[in-house]
Amino acid sequence: MSISIASTTTAPTASTNTSVDTIKNNEPLAVRVMRLSKPALYQNIPVYGEDESSSSVAAFLTGQSHDIAIGSDNSVFSHLLVLPYSFGNVFLGEIFSAIVALHNQSDQILRDVILKTDIQTASQRITLNSSDQNDLNKIELAPDQSISRVLQHEVKELGNHSLVCTVTCIDQNGEKCNLKKVFKLPVGKPIDLKTRFISGATHDEYYIVADIQNQTPSILNMTTVALEPSTAYTAINLSNLHHENSENSLCESWRFIRPNEITTYMFYLKARQDASFEEIHSTTTLGKLDIVWMSGFGERGRLQTNQLPKPTPSIATTNLGYLPDLRIFLMRGQGKCHIEEAQKFSIRILNCTQRTMDLSLNFDSSFSKREQFLWIGIVSKQLGKLEAHHMYDIELELVPLTCGLKRIGGLKLTDLLMRHTYDFDDFHHLFVLPKIVH
Amino acid sequence: MSSQSIWFAYDPQWATLIRARLNEVEISDLWLLENDTSNTTPRLILDKYLGDPIQQITSKKPSENELRYDPMRGDHQTIESLNNFLKNQCWRSAVDWTITYLMKNPQDYHIWFIRFACLIKLRLFPTIENEFETFGNLNSLNKFPFSLRLLYAELPIYMDSNRFHDGLDRLFRLLMITNTILSILPKDQTQLWHKRRLRILYSIANCYILMKRFDSIISIIENQIIKNENIEQQIELYLLIVRILLQTGDELNAQRAFDRALNLLPSKENLSNEFLLTKELFALFRNEFLTNKLLTSLKDPIEINNHCVVLLYMSKMKESLDLYEKLIRDKHENIHEAIIYNMCTIYELESFRFTQKKHDLIDYISQYVGDGFSLTALKLQT
């Protein structure tokens, strides 16, 4: 985020009590922590003038040109880097980076100075080691001397986090001193993710729609939003289809989410061709989302969701597993027709259980009444025995009575052996057009 | 309608009105004037002196300081004196100077421009807006400088984020009138207005930058501005795009923009300062910190500042401060708000004595900076 120098409310430097230590306390060492989020570019106000108009305007422009931040590109953005102006929020999935400074504020030489830095979360304590080879341990600090260490921690959980700095040293009298400072780190959720599932036309197809809202104050460049499908499925990312791959354009603005904005991503999931029946039906999950983003000057973030569950079927099951006992698939049928035009459908019935069924077919009259169509032909009949994991096809016929988009369903299949009836909701949609009058 | 029409749109009826005045006024004074019989005289709202806040807090007494406006001194009432303040970035002194003058000559628009230009540098936006209102309808004013019209149009975009659209409205209106003027001028007399038109596009681009509308920024720079500029300027503009993209986390396209800038160079040897600075920004992005940079080779203050910032990220706090102290003592022109701000931030990190260090810093810089310097850079808690 780029800034002009505004007045600061929260200093980037944190200490335990007040926001700034102005009074030297009695401890020989002071510990200060400064958040090292990436810097920003200084912003200025370039003013346009025409020096021909008056000598004063020319003088003003001369004065302005001495401002090193003003370039010849007339832009508000300079080349000057400015350090972060506030501590800011720490977000899940990002890398928390900070610099710890130790200052010897006594008038003695302190020996064997050892600094330990840990992150304390609700569930664990993680030691942060310096990435610097010249570690700070066992150092001697002269009076008024300061040293520093840069820390990095990838934030992997929500909840309260604290940075705990423990320092030990030995003063000139040989006495050991011990100092512990705790800095609270506010951890927030960077994005709000809402997922919706839409079942596809056939049973093993799903559309996953993910809405991501940016809850940080920076712009996020979403470099990756991908669905890793579970083993029985393959995924296609539908989010990028409409973007013309323009070789010349330098801006892929669809990748950015500005603060508080929401972007929607869509994925299509289908069972793999070579996946077995058991594989497809025994997985209760569809996959997980992998989300990677970048913000100002290389701040990275990454989140992975838990496994997304398969939407539960609307059909009751008699077995304990996830599988529906019976599944129906539309094999042949129109998607649109004219009013009062008889429509034939071919339906495949699959017995997913381990037992043989003896099925008979009926229709739910309130369904067809509501949707305003009429089943014709034989509306109640025995279909015959159907063995475990086997399927057969049946022919159905209906007449739509009104126009519009209709849900087609309301089948009732009764297993005479178990004396159990399965109700099927809509398996198809039919768009009914008015008749053309010639 | 082509998508480009907003950039070139003009109004033929306005063209007729403006053409009628072609022989009466200078080309630079052409404008679409509305009739407005209300006779308002511009007047000052802020008639108190701004003074010099830094001098008020420093313990060093200023010597016979030529560069601070003294209303008691006769020789400070001259234009030469004003120009001296301006050349030395003493914006407050310049503003104070204009008070006396404008009370006597409220119709001198050039001095109003100076006043507002300095006020906008000092970020005293409400004053500018209130005083602009006393002018009445700007579109009815004869011989009103274009630069003042542009400043008025840009003002909302700096004021606050709710006013961006006001700024865009004003800027696009300015653009349309400028296009109209260009449509009626003879081909060999269009140079000034082309320059002005281009500057309006820059202002619109700045507004988009502040609004964070990246699709629009890059589109306007690439499609509207770049082709009207010479090669050096095109390079600057591609490097600007690089900075914008790095600031928003798009390294891939930033690299492509950088390559485009490189391709415009006649030779890739001896890259200019701006190129080197931009390369450093890529290194910052990728966390590739050069550990063996030769400090003696750094001369450019921006380069040194950015290097000091990087030193802090490498945990070299002391080296960073030492280099900063050297930077501001080597040349007084190096003292810049951003640099002072960074120094004060590191002071706060380093030790409890930062308040004293900041005051020492103020004492030092007060001798050299113009009174346009903003105190907020010092992060004083008062």
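Proteins come first, then strands; the chains are lettered A, B, ... in the order of their sequence lines, and each starts at number 1. Computed from heavy atoms alone, side chains included, the values below leave out hydrogens, waters and symmetry copies. Computed from a predicted structure; not experimentally measured.
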Mind checking whether A:Y42 and B:H336 have parallel, tilted or perpendicular rings, split at 30° and 60°? perpendicular
What pair of heavy atoms forms the shortest contact from A:L83 to B:N342, and how long is it? N-OD1, 2.9 Å
Walk me through it: do B:R123 and A:I45 pass the test side-chain contact (heavy atoms from CB on, under 4.5 Å)? CA-CA 9 Å; B:R123 301 184 161 262; A:I45 300 181; 3.7 Å; yes
Side chain, backbone, both or neither: which part of B:F113 has an atom under 4.5 Å from a heavy atom of chain A? side chain
Answer yes if the side chains of A:D73 and B:Q233 hold a donor-acceptor pair under 3.5 Å, and no otherwise. no
Go through the atoms of B:Y238 and report whether side chain, backbone, both or neither lie under 4.5 Å from a heavy atom of chain A. side chain
Main-chain N/O of A:L81 paired to B:N306 side chain as donor or acceptor, under 3.5 Å: yes
4.5 Å side-chain heavy-atom contact, A:V76 and B:Y158: yes
Looking at B:L281, B:L82, B:L151, which makes the most heavy-atom pairs under 4.5 Å with chain A? B:L281
I'd like to check B:E350 versus A:H103 (side-chain heavy atoms, cut-off strictly below 4.5 Å). Are they in contact? no
B:I225 versus chain A, heavy atoms under 4.5 Å apart: side chain, backbone, both or neither? neither
Is A:D67 close to chain B through its backbone or its side chain, or both, or neither, when contacts mean heavy atoms under 4.5 Å? both
Rounded distance (nearest 0.5 Å) linking atom CD of A:E50 with atom CZ of B:R199: 10.5 Å
I need the B:I114 CD1 to A:S56 OG distance, nearest 0.5 Å. 5.0 Å
Not counting sequence neighbours, which residues clear side-chain hydrogen bond (donor to acceptor under 3.5 Å, both in side chains) with B:K358? List them please. B:E348
Heavy-atom closest contact (A:P39 atom, B:V309 atom, distance): CG-CG1, 4.1 Å
Ranked by heavy-atom pairs below 4.5 Å to chain B, first place among A:S72, A:A69, A:S65 goes to A:S72
Max heavy-atom pairs within cutoff under 4.5 Å with chain A, candidates B:E333, B:E154, B:K195, goes to B:K195
Would you check if B:S147 and A:V57 make a side-chain contact, meaning some heavy-atom pair closer than 4.5 Å? no
State whether the number of non-hydrogen atoms from other residues, nucleotides or ligands found under 6.0 Å of B:E26 atom CD is greater than 12. no
Chain A heavy atoms under 4.5 Å from B:L150: which part of the residue, side chain, backbone, both or neither? side chain
Using 0.5 Å steps for rounding, measure from the OG atom of B:S351 to the CG atom of A:L102. 12.5 Å
Please report the interatomic distance CG(B:D250) to CD1(A:I219), rounded to the nearest 0.5 Å. 11.0 Å
Under 4.5 Å between any side-chain heavy atoms of B:N287 and A:R300, yes or no? yes
Turns out that what part of B:I241 lies under 4.5 Å from chain A's heavy atoms comes down to side chain
For A:N89, check side-chain hydrogen bond (donor to acceptor under 3.5 Å, both in side chains) against everything at least two apart and list the hits. none
Could you tell me if the side chain of B:L312 sits less than 4.5 Å from the side chain of A:M34, heavy atoms only? yes
State whether the side chain of B:K212 and the backbone N or O of A:P259 hold a donor-acceptor pair below 3.5 Å, judged by distance alone. no
Are any side-chain N or O atoms of B:N206 and backbone N or O atoms of A:N74, one a donor and one an acceptor, separated by less than 3.5 Å? yes
Donor-acceptor pair, side chain of B:Q247 and main chain of A:F297, under 3.5 angstrom: no
Counting only heavy atoms closer than 4.5 Å, note whether A:S295 contacts chain B via side chain, backbone, both or neither. backbone
Contacting region of B:A257 [heavy-atom separation from chain A under 4.5 Å]: both
Which answer fits B:E232, side chain, backbone, both or neither, if we ask what part of it has an atom under 4.5 Å from a heavy atom of chain A? neither
Non-hydrogen atoms of chain B under 4.5 Å away: do they reach the side chain of A:S78, the backbone, both or neither? backbone
Give me the atom names and distance for the closest heavy-atom approach of B:M211 to A:R258. O-NH1, 3.0 Å
Quick one: are A:F77 and B:I244 in side-chain contact, heavy atoms under 4.5 Å? yes
Proximity breakdown for A:A58 and chain B, heavy-atom pairs closer than 4.5 Å: neither
Considering only heavy atoms, which portion of B:C90 lies under 4.5 Å from any heavy atom of chain A: side chain, backbone, both, or neither? neither
What distance separates A:E252 CD from B:I218 CD1, expressed to the nearest 0.5 Å? 10.0 Å
When B:L210, B:T278, B:N334 are compared by non-hydrogen pairs under 4.5 Å with chain A, the top option: B:L210
What do the steps show when you test A:M294 against B:F285 for side-chain contact (heavy atoms from CB on, under 4.5 Å), and what is the final call? CA-CA 10 Å; A:M294 295 272 253; B:F285 194 103; 3.1 Å; yes
Where does A:F60 contact chain B at under 4.5 Å (heavy atoms): side chain, backbone, both or neither? both
For A:S146 and B:M317, which heavy atoms make the closest approach, and how far apart are they? CB-CE, 3.7 Å
Output for pair (A:I68 CD1, B:D300 CG), nearest 0.5 Å, gives 7.5 Å
Which pair of heavy atoms, one from A:N221 and one from B:G249, lies closest together, and at what distance? ND2-O, 2.7 Å
Minimum heavy-atom separation for B:Y313 and A:P84, please, with both atom names. OH-CD, 3.6 Å
When you compare the side chain of A:Y48 with that of B:Y202, does any pair of heavy atoms fall below 4.5 Å? no
Any side-chain donor near an acceptor of the partner, B:S315 and A:S148, under 3.5 Å: yes
Do B:N305 and A:V82 come close enough that some side-chain heavy atom pair is under 4.5 Å? no
Contact leader toward chain A among B:E80, B:R243, B:R353, where contacts are heavy-atom pairs under 4.5 Å: B:R243
When the 4.5 angstrom heavy-atom criterion is applied to B:F146 and chain A, the contacting part is side chain
Short side-chain donor-acceptor distance under 3.5 Å, A:Q64 and B:K121: yes
